[in-house]
Amino acid sequence: MQLNQQQVRDALAWLPLVDALKDIFTRDVTAPIRHHHTMNVPQDPSATLLLMPAWIEGEYLGVKQVNVFPGNSARNQPGLSSHYLLSCGQTGQMLARIDGNELTARRTAAASALASRYLSRETASKMLMVGAGRVARRLVPAHMSVRPIETVHVWDINPAAAEQLATELRDEGVDAIACSDEQLETVAREADLISCATLSTEPLIKGEWLKPGAHLDLVGSFTPTMRETDNEALQRANVFVDVKAAALVETGELIMPIRDGAITEEKILADFSVLCRGQHAGRAELDEPETAITLFKSVGDSREDLAGAILAYQSVQGA
């Protein structure tokens, strides 16, 4: 079986995918640390091969291959491509080859929606989307699937990209508005939920802007030099992550404030394994839950890919 981008999109409706992610973090899954390999590319910048395996004994085995070739930008080709191979955990027989780009984008957005279930206020209605790329286009509907979002503001370093995403959302019936650099602070101060999906290495959202009860969802940073918010946000907020061990070594969002002495590792209250098993109730367990500020930082995990791949495969099999 081979699933292309559209088939993956059709197979992974938001709420079933969010539920599948919750379930996978309660199960006994083997998920080795991702493999990083640097490859020389003649007359081009070096490329990176990422391999992300995970398996449930006797059931399913999966691995995602991600190819990052920076030199492709000069050829006007995507710098990143990926695919996912899902196999039987009993025989090793391959079951499906799945478009990895769409799988990654959807499971990433669904992970933020899962975190929002635990951490944002149930009445959250004003959303700010920082970034207007592939993942941002999934984050908005994913968050809307779990919270009664009424208005979405979109900001991007490229104003035309923000306007394009706002237009697409309006075409889908969403009250969406592109905001300028000058409007960003005002909009952020009013937002119930702020989601960031950029490649920024400098803070875009300041901690002082976060209103009581706000939820900050940080997706973009995946290296020690990248960050989307400042130390003050980490200090003011109740901090949660998808996978604690990975977050502490992969994202500048945590590495930088810990290095600066602004926070310690103990600032992280729980990750998905703890939240999904009911060992921490999220916002409901915090002091003054209505006014508490929450922050979720995701770095991605091979269990999330496996959950999405299994759901896509089973959805198509049952169709």
Side-chain angles (χ1 to χ4, degrees), residues 3-18 21 72-73 76-82 98-117 120 124-188 190-200 204-205 215-222 228 296 298 300 308 312 315:
L3 302 182
N4 61 29
Q5 185 179 59
Q6 185 60 52
Q7 290 171 315
V8 173
R9 187 178 301 129
D10 292 342
L12 297 180
W14 291 118
L15 289 179
L17 180 54
V18 170
L21 293 185
N72 283 356
S73 59
N76 199 31
Q77 296 178 357
L80 184 150
S81 62
S82 68
I98 300 169
D99 179 83
N101 293 341
E102 186 65 23
L103 174 63
T104 302
R106 293 187 81 80
R107 65 83 158 152
T108 299
S112 287
L114 175 60
S116 186
R117 266 188 181 174
S120 69
S125 62
K126 296 179 181 179
M127 177 177 178
L128 167 60
M129 184 67 243
V130 178
R134 175 199 294 268
V135 177
R137 281 172 162 72
R138 278 72 175 174
L139 280 163
V140 174
H143 278 295
M144 292 183 70
S145 74
V146 298
R147 288 293 181 258
I149 304 297
E150 296 175 356
T151 304
V152 178
H153 284 84
V154 182
W155 178 91
D156 192 85
I157 192 171
N158 179 355
E163 185 56 58
Q164 176 61 36
L165 177 53
T167 298
E168 291 176 13
L169 291 170
R170 287 194 296 270
D171 289 343
E172 296 170 3
V174 179
D175 180 12
I177 307 162
C179 71
S180 65
D181 292 351
E182 295 74 21
Q183 296 170 317
L184 181 60
E185 177 180 347
T186 299
V187 172
E190 297 175 351
D192 300 313
L193 191 160
I194 302 173
S195 184
C196 302
T198 73
L199 299 177
S200 182
L204 299 171
I205 298 298
H215 174 59
L216 179 58
D217 170 44
L218 302 171
V219 178
S221 168
F222 58 87
E228 297 175 301
F296 173 71
S298 66
S315 296

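All values derive from a computational prediction rather than experimental measurement. Numbering starts at 1 and runs along the sequence shown.
- Minimum interatomic distance between M129 and A136 (heavy atoms only, all atoms of both residues): CE-CB, 3.8 Å.
- Of the residues listed (L103, D10, V8), the one engaging L3 in a side chain to side chain contact (heavy atoms under 4.5 Å, CB included) is V8, and it is the only one.
- Residue S315 holds its OG atom at 12.0 Å from CD of Q7, rounded to the nearest 0.5 Å.
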Inset, instruction - Give the C-alpha distance, both sets of side-chain angles, the deciding distance and a yes or no for side-chain contact (heavy atoms from CB on, under 4.5 Å) between V152 and D175. - result: CA-CA 6 Å; V152 178; D175 180 12; over 6 Å; no

Inset, instruction - Could you please spell out the steps behind the side-chain contact (heavy atoms from CB on, under 4.5 Å) verdict for W14 and M144? - result: CA-CA 9 Å; W14 291 118; M144 292 183 70; over 6 Å; no

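- Not counting sequence neighbours, the partners of E182 by the side chain to side chain contact (heavy atoms under 4.5 Å, CB included) test are S180.
- Scanning all heavy atoms of the two residues, the minimum distance from A161 to A132 falls at O-CB, 3.6 Å.
- Residues passing the salt bridge (Lys or Arg N to Asp or Glu O under 4.0 Å) test with D192 are R121, K211, sequence neighbours excluded.
- H153 meets the side chain to side chain donor-acceptor pair (under 3.5 Å) test with no other residue; sequence neighbours excluded.
- In this structure, the separation between OG1 on T151 and CG on L128 is 12.0 Å, given to the nearest 0.5 Å.
- For A312 against A11, the heavy-atom pair with the smallest separation is CA-CB, 3.9 Å.
- With sequence neighbours excluded, the residues forming a side chain to side chain donor-acceptor pair (under 3.5 Å) with S82 are N101, listed by chain and number.
- Residues S195 and M127 approach most closely at CB-CE, 3.8 Å, considering heavy atoms.
- Considering only residues two or more places apart in sequence or on other chains, Q164 meets the side chain to side chain donor-acceptor pair (under 3.5 Å) condition with E168.
- Applying the salt bridge (charged side-chain N to carboxylate O under 4.0 Å, His left out) test to every pair with at least one member in residues 138-154, sequence neighbours left out, gives these pairs: E102-R138.
- In this structure, CG on L21 lies 6.0 Å from CG on L114, to the nearest 0.5 angstrom.
- Legend: residues meeting side chain to side chain contact (heavy atoms under 4.5 Å, CB included) with T167, ordered by chain and number and at least two apart, are E163, R170, D171.
- Note that CG of D217 is 6.0 Å distant from CG of L139, once rounded to the nearest 0.5 Å.
- Residues passing the side chain to side chain contact (heavy atoms under 4.5 Å, CB included) test with E172 are L169, sequence neighbours excluded.
- When the salt bridge (Lys or Arg N to Asp or Glu O under 4.0 Å) test is applied to R134, no partner is found at least two apart in sequence or on another chain.
- Remark: T198 OG1 to D156 CG distance equals 8.5 Å, nearest 0.5 Å.
- Listed by chain and number, the residues in a side chain to side chain contact (heavy atoms under 4.5 Å, CB included) with S298 are V219, D242, F296 (sequence neighbours excluded).
- The side chain to side chain donor-acceptor pair (under 3.5 Å) search around D181 returns W155, not counting sequence neighbours.
- Within the 3.5 Å criterion, the main-chain N or O of V146 finds no donor-acceptor partner in the side chain of R117.
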Legend entry - Evaluation steps, side-chain contact (heavy atoms from CB on, under 4.5 Å), between V154 and C179: CA-CA 6 Å; V154 182; C179 71; over 6 Å; no

Legend entry - E228/S221 under side-chain hydrogen bond (donor to acceptor under 3.5 Å, both in side chains): CA gap, chis, key distance, verdict: CA-CA 7 Å; E228 297 175 301; S221 168; over 6 Å; no

Legend entry - side-chain contact (heavy atoms from CB on, under 4.5 Å) between L216 and L193, intermediate numbers included: CA-CA 6 Å; L216 179 58; L193 191 160; over 6 Å; no

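- Of all non-hydrogen atoms in R106 and L12, the two that sit nearest each other are NH2-O, 2.9 Å.
- The backbone N or O of T104 sits less than 3.5 Å from a side-chain atom of T108, completing a donor-acceptor pair.
- Between G131 and L165, the shortest heavy-atom contact is O-CD2, 4.1 Å.
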